[in-house]
Amino acid sequence: MTKGKPFINFLRKLRTLVPMEVEVKLRLKDSTAHQKLSNILSPYHKQTLFQENIFFDDKDSKLSSNAAVLRLRFYNLNSHCILSLKAKPTISDGISRVQELEEPVPLATATESVAKPQLLGQIDSKIMKMVKQEYGAGDEFVCLGGFKNVRAVYEWKGLKLELDETIYGFGTSYEIECESLEPERDRKLIEGLLEENGIEYDYSDVSKFAVFRSGKLPGWVKNL
């Protein structure tokens, strides 16, 4: 058996084990709705995270063409960084499902990779090996840019709620998210909270990355 075959077999097994992230995602109308919800949830506040999300693809757009997203996320003014690969995304009726792998990356390596994206291909990482083996990405990567996000985290009625203020180069959007094993039940709970307090919302129908790539905020057409 050649040296490469065990790793290829590992990747085949890994594909069947990639966890599926399931989240409720509800878009808030504006900053007023965001502030009102923030005030209501303030007794349940646990922490606030300052995130900067930077995205990459190979020079031939192998990831984008396969609906996969490669991201470096820097936390709290560069305290640490997480590399993630998301694939096979679907979103419907405010419920998002996507396969996601995450790995910590040394901060210095991640920071240098933003300035020199070709260094990303040199990171010793299961994710980067999967990017090359699964999607056929080469060694030349390009930085697509990114956006910032302020995430307030709350624990409310047994749910971990994440209230986002996402700052793009073309505007700011607001969203509440909740990772869930029972998304339909939890969506109903969150909708009840919003409706009881007169907070306008809609089901999110695209990811933050898709909004970023479109270059414009989604229009507000409440269709619930």
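Residue pairs that meet the salt bridge (Lys or Arg N to Asp or Glu O under 4.0 Å) test with at least one member in residues 161-171, sequence neighbours left out, are Arg151-Glu162, Arg151-Asp164, Asp164-Lys208.
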Fill in: Derivation of the side-chain contact (heavy atoms from CB on, under 4.5 Å) call for Glu103 and Leu85
CA-CA 9 Å; Glu103 286 182 274; Leu85 176 66; over 6 Å; no
Discussion item. Using salt bridge (charged side-chain N to carboxylate O under 4.0 Å, His left out), reason through Asp124 and Lys129 one step at a time and then give a plain yes or no.
Written reply: CA-CA 8 Å; Asp124 184 15; Lys129 290 174 182 176; 3.5 Å; yes
Worksheet item: Checking salt bridge (charged side-chain N to carboxylate O under 4.0 Å, His left out) for the pair Glu102/Arg73: CA distance, chi angles, key distance, verdict?
Response: CA-CA 10 Å; Glu102 293 186 327; Arg73 171 173 282 176; 5.6 Å; no
Discussion item. Salt bridge (charged side-chain N to carboxylate O under 4.0 Å, His left out) for Lys59 and Glu140? Distances and angles first, verdict last.
Written reply: CA-CA 6 Å; Lys59 66 181 183 64; Glu140 294 186 46; 5.0 Å; no
Practice prompt. Please lay out, stage by stage, how Cys143 and Ile54 fare under the test side-chain contact (heavy atoms from CB on, under 4.5 Å).
Written response: CA-CA 7 Å; Cys143 180; Ile54 307 294; 3.5 Å; yes
Discussion item. Pair Leu63, Val69 - check side-chain contact (heavy atoms from CB on, under 4.5 Å), show working.
Written reply: CA-CA 6 Å; Leu63 296 175; Val69 176; over 6 Å; no
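Counting only N and O atoms by type, the side chains of Tyr174 and Gln35 include no donor and acceptor under 3.5 Å apart.
Using a distance-only test at 3.5 Å, with no hydrogens or angles considered, a donor-acceptor pair links the side chain of Asp57 to the main chain of Ser64. Between the side chain of Asp58 and the backbone N or O of Asp60 there is at least one donor-acceptor pair closer than 3.5 Å. Although no hydrogens or angles enter the test, the distance criterion places no donor-acceptor pair under 3.5 Å between the side chain of Asp202 and the main chain of Arg27. Side chain of Lys86 to backbone of Glu21: no donor-acceptor contact under 3.5 angstrom is found. Using a distance-only test at 3.5 Å, with no hydrogens or angles considered, no donor-acceptor pair links the side chain of Glu179 to the main chain of Lys160.
You'll find the side chain of Ile91 stays beyond 4.5 Å of the side chain of Ser207, heavy atoms only. Two residues are said to be in side-chain contact when any heavy atoms from C-beta on lie closer than 4.5 Å; Leu70 and Tyr135 fail this criterion. Using a 4.5 Å heavy-atom threshold, the side chains of Leu163 and Leu28 count as touching. By the 4.5 Å heavy-atom criterion applied to side chains, Val98 and Glu23 are not counted as neighbours. With contacts defined as side-chain heavy-atom distances shorter than 4.5 Å, the pair Ile40/Leu193 qualifies. Side-chain contact between Leu101 and Pro19 is present, with at least one heavy-atom pair separated by less than 4.5 Å. The shortest side-chain heavy-atom distance between Arg187 and Ile95 falls under the 4.5 Å cut-off.
Linking Ile, Leu, Val, Met, Phe, Trp and Tyr residues whenever their side-chain heavy atoms come within less than 4.5 Å places Leu41 and Val24 in a single cluster. Tracing side-chain contacts under 4.5 Å through hydrophobic residues (I, L, V, M, F, W, Y), one never reaches Ile167 starting from Phe209; they form parts of separate clusters. Residues Ile82 and Val114 are members of separate hydrophobic clusters, defined by side-chain heavy-atom contacts under 4.5 angstrom among Ile, Leu, Val, Met, Phe, Trp and Tyr. Residues Leu37 and Tyr203 share a hydrophobic cluster, clusters being chains of Ile/Leu/Val/Met/Phe/Trp/Tyr side chains in contact below 4.5 Å. Linking ILVMFWY side-chain heavy atoms closer than 4.5 Å, directly or via other members, places Tyr44 and Ile199 in a single hydrophobic cluster.
Here the closest non-hydrogen pair linking Gly198 and Lys36 is O-NZ, 4.1 Å. Here the closest non-hydrogen pair linking Lys132 and Gly138 is CE-O, 4.1 Å. The two atoms that bring Lys46 and Glu155 nearest to each other are CE-OE1, 3.6 Å, heavy atoms only.
Remark: Phe74 pairs with no residue by the ring-ring contact (aromatic ring centres under 6.0 Å, His included) rule, at least two apart or across chains.
Between the OH atom in Tyr75 and the CG atom in Asn149 there is a gap of 9.5 Å [rounded to 0.5 Å]. With rounding to the nearest 0.5 angstrom, the CG atom of Leu120 is 8.5 Å from the OG atom of Ser125. Atoms CG and CD, from Asn76 and Glu52 in turn, are 12.0 Å apart once rounded to the nearest 0.5 Å. Taken to the nearest 0.5 Å, the OG1 atom of Thr172 stands 10.0 Å off from the NE2 atom of His34. Atom CD1 of Ile127 is separated from atom CZ of Arg71 by 10.0 Å, given to the nearest 0.5 angstrom. Atom-to-atom distance recorded for Tyr154:OH and Ser42:OG is 7.5 Å, nearest 0.5 angstrom.
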For residues 104-113, please give each side-chain donor-acceptor pair under 3.5 Å, one per line with the distance, not counting sequence neighbours.
unit_1, atom_1, unit_2, atom_2, d
Thr111, OG1, Leu107, O, 2.9
Ser113, OG, Thr109, O, 2.9

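Ring-centre distance between Phe147 and Phe55: below the 6.0 Å cut-off.
Within a 6.0 Å radius of NZ in Lys62, more than 12 heavy atoms belonging to other residues, nucleotides or ligands are found.
Partner Phe141 forms a side-chain contact (heavy atoms from CB on, under 4.5 Å) with one of Gln118, Gln122, Met128 and no other, that one being Met128. Residue Tyr201 forms a side-chain hydrogen bond (donor to acceptor under 3.5 Å, both in side chains) with just one option from Glu175, Glu191, Lys29, and that option is Glu191.
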